[in-house]
Amino acid sequence: MSSKVLSLIRQLKETSDNVIGYTEYELRKIEALYSITIHGQLREFMLLAGRCDGGLIGDDPIILYRPTWNVRSQILFQLRLWENLQEIQAYDFMGKYESHTFCFSCEWETQYYFTITSNTDDLVYHYDENSETVECTNLTFYEYLDDVYKRYVEEDSNRKQIVCKGELLEIRV
C-alpha cells in the first residue's frame with residue numbers, strides 16, 4: 001500500500017538528516033520495554049522515521065515525537081491508555097495480562113489513536129476519553145497518517161514546519 005506521508009518522508013530523508021528511525025535491534029528493545037510486537041506498517045514507519053519525521057507532521061498529534069517526553073513519560077502514557085481501556089471494560093482491545101495496545105497519536109488531548117499490536121491487520125483504533133468509547137477507525141496506520149497530514153498540514157496554511165525528535169528508548173552515552 002502506498003502512503004503520501006511515507007513518500008514525503010522518504011523524499012525528506014534524501015535531503016535532510018532530520019528523518020531518524022530506529023534500527024531492528026532498537027525495535028526489539030522497544031518491543032520488550034513496552035510489551036508489544038511491532039510489525040507491518042508500524043514497523044516500516046518506525047524503521048524509517050520512528051524518532052523524527054523531518055518536520056513533516058511533528059509532535060502534534062504524533063506523540064512519538066514529543067521532545068519533552070522522556071522514556072518514563074512515554075511508558076506512563078501507554079499505561080494510562082491501557083488502564084482507561086480496562087476501566088471501561090474494553091477487553092477486546094487489550095491483552096489478558098499485558099498491554100497489546102500502542103498509542104502513537106493523541107488529538108485534542110482526549111482522542112487517542114492506537115494499534116493492537118497482537119493483530120496483524122495494521123488497523124488503527126480510537127479511544128474517546130470524553131465518551132469513554134473505543135472503535136475501529138477502519139483506517140490502516142498509513143491511511144491514518146495520510147489523514148493526519150491532510151487535516152493538520154494541508155488544510156492549515158499557517159502551520160509552521162517544526163522538527164521534533166522523540167525517544168522511546170533511553171540513550172546511554
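Because the structure is predicted, anything quoted here is derived from the model rather than measured.
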TODO: Report the C-alpha separation of Asp122 and Glu143 in whole Å, then their side-chain angles, then the decisive distance to 0.1 Å, and conclude whether the side chain to side chain contact (heavy atoms under 4.5 Å, CB included) test is met.
DONE: CA-CA 10 Å; Asp122 292 318; Glu143 290 169 337; over 6 Å; no
So do the side chains of [X] and [Y] get within less than 4.5 Å of each other, counting heavy atoms only?
| X | Y | answer |
| --- | --- | --- |
| Gln78 | Ile75 | no |
| Tyr142 | Val5 | no |
| Thr101 | Thr117 | no |
| Leu64 | Leu168 | yes |
| Arg51 | Lys165 | no |

[X]: what forms a side-chain hydrogen bond (donor to acceptor under 3.5 Å, both in side chains) with it, not counting sequence neighbours?
| X | value |
| --- | --- |
| Asp147 | Arg151 |
| Thr37 | none |
| Asp121 | none |
| Thr137 | none |

Rounded to the nearest 0.5 Å, how far does [atom2] of [Y] lie from [atom1] of [X]?
| X | Y | atom1 | atom2 | value |
| --- | --- | --- | --- | --- |
| Leu123 | Ile116 | CG | CD1 | 8.5 Å |
| His126 | Glu107 | NE2 | CD | 7.5 Å |
| Lys29 | Thr23 | NZ | OG1 | 8.5 Å |
| Ser35 | His100 | OG | NE2 | 8.0 Å |
| Ser118 | Ile36 | OG | CD1 | 11.0 Å |

- [ ] For the pair Ile30 and Leu169, evaluate side chain to side chain contact (heavy atoms under 4.5 Å, CB included) and give the outcome as yes or no after the intermediate values.
- [x] CA-CA 7 Å; Ile30 291 169; Leu169 290 173; 3.6 Å; yes
Using the test ring-ring contact (aromatic ring centres under 6.0 Å, His included), find all partners of [X] that sit at least two apart in sequence or belong to another chain.
| X | value |
| --- | --- |
| Phe141 | Phe45, Phe104 |
| Tyr149 | none |
| Tyr125 | Phe93, Phe114 |

Open item on the list: Quick check on ring-ring contact (aromatic ring centres under 6.0 Å, His included): which of Tyr127, Tyr144, Phe102, Trp108 does Tyr113 satisfy it with?
Closed with: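 Answer after filtering Tyr127, Tyr144, Phe102, Trp108: Tyr144.
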Under 3.5 Å, sequence neighbours excluded: what are the donor-acceptor pairs made by side chains of residues 52-60?
from: Asp53; atom 1: OD1; to: Gly55; atom 2: N; distance (Å): 2.9
from: Asp53; atom 1: OD1; to: Leu56; atom 2: N; distance (Å): 3.2
from: Asp53; atom 1: OD2; to: Ile57; atom 2: N; distance (Å): 2.8
from: Asp53; atom 1: OD2; to: Gly58; atom 2: N; distance (Å): 3.1

Open item on the list: Determine whether Val134 and Ile88 satisfy the following criterion, side chain to side chain contact (heavy atoms under 4.5 Å, CB included), listing intermediate values before the conclusion.
Closed with: CA-CA 9 Å; Val134 183; Ile88 65 168; 3.8 Å; yes
Open item on the list: Is there a path of hydrophobic side-chain contacts, each under 4.5 Å between heavy atoms, that joins Leu12 and Val163?
Closed with: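 They do not share one cluster, since no chain of ILVMFWY contacts under 4.5 Å joins Leu12 to Val163.
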Open item on the list: Check for me, please, whether Leu47 and Leu42 land in the same ILVMFWY cluster - side-chain distances under 4.5 Å, paths through other members count.
Closed with: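 Linked, Leu47 and Leu42 end up in one cluster.
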Open item on the list: With no hydrogens and no angle check, just 3.5 Å: does a side-chain donor-acceptor pair link Asp128 and Thr133?
Closed with: no
- [ ] Just jot down the salt bridge (Lys or Arg N to Asp or Glu O under 4.0 Å) partners of Glu31, sequence neighbours excluded, or say none.
- [x] Arg43
Open item on the list: Please enumerate all residues that pass salt bridge (Lys or Arg N to Asp or Glu O under 4.0 Å) together with Glu109, with sequence neighbours excluded.
Closed with: none
Task: Listed once per pair and sorted, the side chain to side chain donor-acceptor pair (under 3.5 Å) pairs that draw on residues 4-14, sequence neighbours left out - done: Lys4-Glu154, Arg10-Glu44
Open item on the list: Between Tyr22 and Glu167, is the side chain to side chain contact (heavy atoms under 4.5 Å, CB included) condition met? List the steps.
Closed with: CA-CA 10 Å; Tyr22 290 97; Glu167 186 59 55; 3.6 Å; yes
Task: Test side chain to side chain contact (heavy atoms under 4.5 Å, CB included) applied to Cys106 - qualifying residues, sequence neighbours left out - done: Ile63, Phe77, Tyr112
Task: Heavy-atom neighbours of Asp17 CG exceed 12 at 6.0 Å - done: no
Task: Lys/Arg N to Asp/Glu carboxylate O, Glu129 vs Arg80, below 4.0 Å - done: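 Answer for the salt bridge query: no.
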